[in-house]
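Below: the structure, in structure tokens.
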Amino acid sequence: MPEGHTLYRLARTIDAHFAGRAVSASSPQGRFAEAAALLDGTVLRGAESYGKHLFVDFEGDRQVHVHLGLCGKFAVSDGEAREPTGQVRLRLVAPGGDGRPPAYGDLRGATACELMTREQQRVLVDRLGPDPLRADADWTRAWQRVVRSRAPVGGLLMDQSVLAGVGNVYRAEVLFRHRVDPLRPGNTLRRGTFEQIWNDLVLLLADGVRRGRIVTLEDQVLAVEAALGRGEVPRLTERSSSVYKQAGMPCPVCGSKVRTQVVAGRNLFWCGRCQRRR
DNA sequence: GGCGCATGCTCAG
DNA sequence: TGAGCCTGCGCCC
């Protein structure tokens, strides 16, 4: 499920299976057929993510830009490619025989799959805020946007021009972890609080890359269990998140019911009692 | 089998 | 602000 960690992991997986190999490219579904024909038989140089965007670099300055959107998937497997099923927008195949095992990858359901030049890629990336997964990210760029905005911080964290790679899960969870009210205007947040949020996002996204899924609750569970010394909070250990999708469930810290509200078309979750910090 | 929903985003109004 | 789009899944009948 695609927040920034998914794309980072995907870029590494594509690198591991295809980098430096001549690949065959096709579009069984047909919607990427012309571009796939241009790529077919050329060398895939590598893959890179920036926020929720994936760029696959082919020789001849051809970049495949992929955005998975809400329900896109790029499934990469070892072995001989099977007959494609369903709507496969882009299929990459490395047939083997080059001293490496065969591999293939199928892209489905993506919001964006398009060919661009390195220059077009640069323009696109320039519109994005810093990505916590990138070593060269400058968090103060994001802070400058936050501190000048009256928009709720819960919305700002999801704004990809402010911060790249954070989605609905990470924004809810990181605000909970730092006890910040998601509805608080950005310009009322303290710089030190935002710096802590950023540093936590760096850790959380890196953890998401390692695990292949988002887990933000574990330390909270341990804290509650230590404090209570009894299994009083129901279903807590089944959770991987503290507030995300936990509407009506007890807050793992104070036990009051997790609240939810649609903000900018997306479901926001938070604890009204714990999250009051500036 | 139909429906609604989902970790996203764009565009019209 | 709401509709639309991409696909898959779980739920309900």
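Source: prediction; values computed, not measured. Order of the sequence lines sets the chain letters (A, B, ...), proteins ahead of strands, with each chain counted from 1.
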Atom [atom1] of [X] and atom [atom2] of [N]: how far apart are they, to the nearest Å?
X         : N       : atom1 : atom2 : answer
Glu173(A) : dT7(B)  : CD    : P     : 13 Å
Asp159(A) : dT10(B) : CG    : P     : 10 Å
Leu54(A)  : dC9(B)  : CG    : P     : 14 Å
Leu128(A) : dG8(B)  : CG    : C1'   : 13 Å
Gln160(A) : dT7(B)  : CD    : C1'   : 11 Å
Arg213(A) : dA6(B)  : CZ    : P     : 19 Å
Lys245(A) : dT7(B)  : NZ    : P     : 6 Å
Glu3(A)   : dT7(B)  : CD    : P     : 9 Å

So, is [X] near the phosphate of [N], with a side-chain N or O under 4.0 Å from OP1 or OP2?
X         : N      : answer
His67(A)  : dG8(B) : no
Arg266(A) : dG8(B) : yes
Tyr244(A) : dT7(B) : yes
Asn168(A) : dA6(B) : no

Taking only the side-chain heavy atoms of Leu70(A) (C-beta and beyond), determine which of dC9(B), dG8(C), dA6(B) contains the nearest atom. dA6(B)

Consider the side chain of Arg108(A), meaning its heavy atoms from C-beta on, and name the nucleotide among dG8(C), dT7(B), dG8(B) that approaches it most closely. dG8(C)

Could you measure between the two C1' atoms, the one in dT10(B) and the one in dG8(C), and give it in whole Å? 22 Å

If you take the centroid of each ring, where Trp contributes its six-membered ring, are Tyr170(A) and His5(A) closer together than 6.0 Å?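 Aromatic pair counts; centres sit under 6.0 Å.
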
Assess whether side chain to side chain donor-acceptor pair (under 3.5 Å) is satisfied between Arg179(A) and Gln275(A), documenting all intermediate values. CA-CA 4 Å; Arg179(A) 309 293 184 258; Gln275(A) 295 180 241; over 6 Å; no

When Arg171(A), Arg259(A), Met158(A) are each screened for side chain to side chain contact (heavy atoms under 4.5 Å, CB included) with Leu268(A), the one that passes is Arg171(A)

Pick from Val202(A), Val209(A), Leu201(A), Leu7(A): which one makes a side chain to side chain contact (heavy atoms under 4.5 Å, CB included) with Leu133(A)?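 Looking at Val202(A), Val209(A), Leu201(A), Leu7(A), the match for Leu133(A) under the side chain to side chain contact (heavy atoms under 4.5 Å, CB included) is Val209(A).
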
Considering every strand and a 4.0 Å limit on heavy-atom distances, what is the contact class for [X]: base, sugar-phosphate, or nothing?
X         : result
Arg31(A)  : sugar-phosphate
Gln29(A)  : sugar-phosphate
Gly109(A) : base

In terms of side-chain heavy atoms, does Thr193(A) have a donor or acceptor partner in Arg278(A) at a distance below 3.5 Å? no

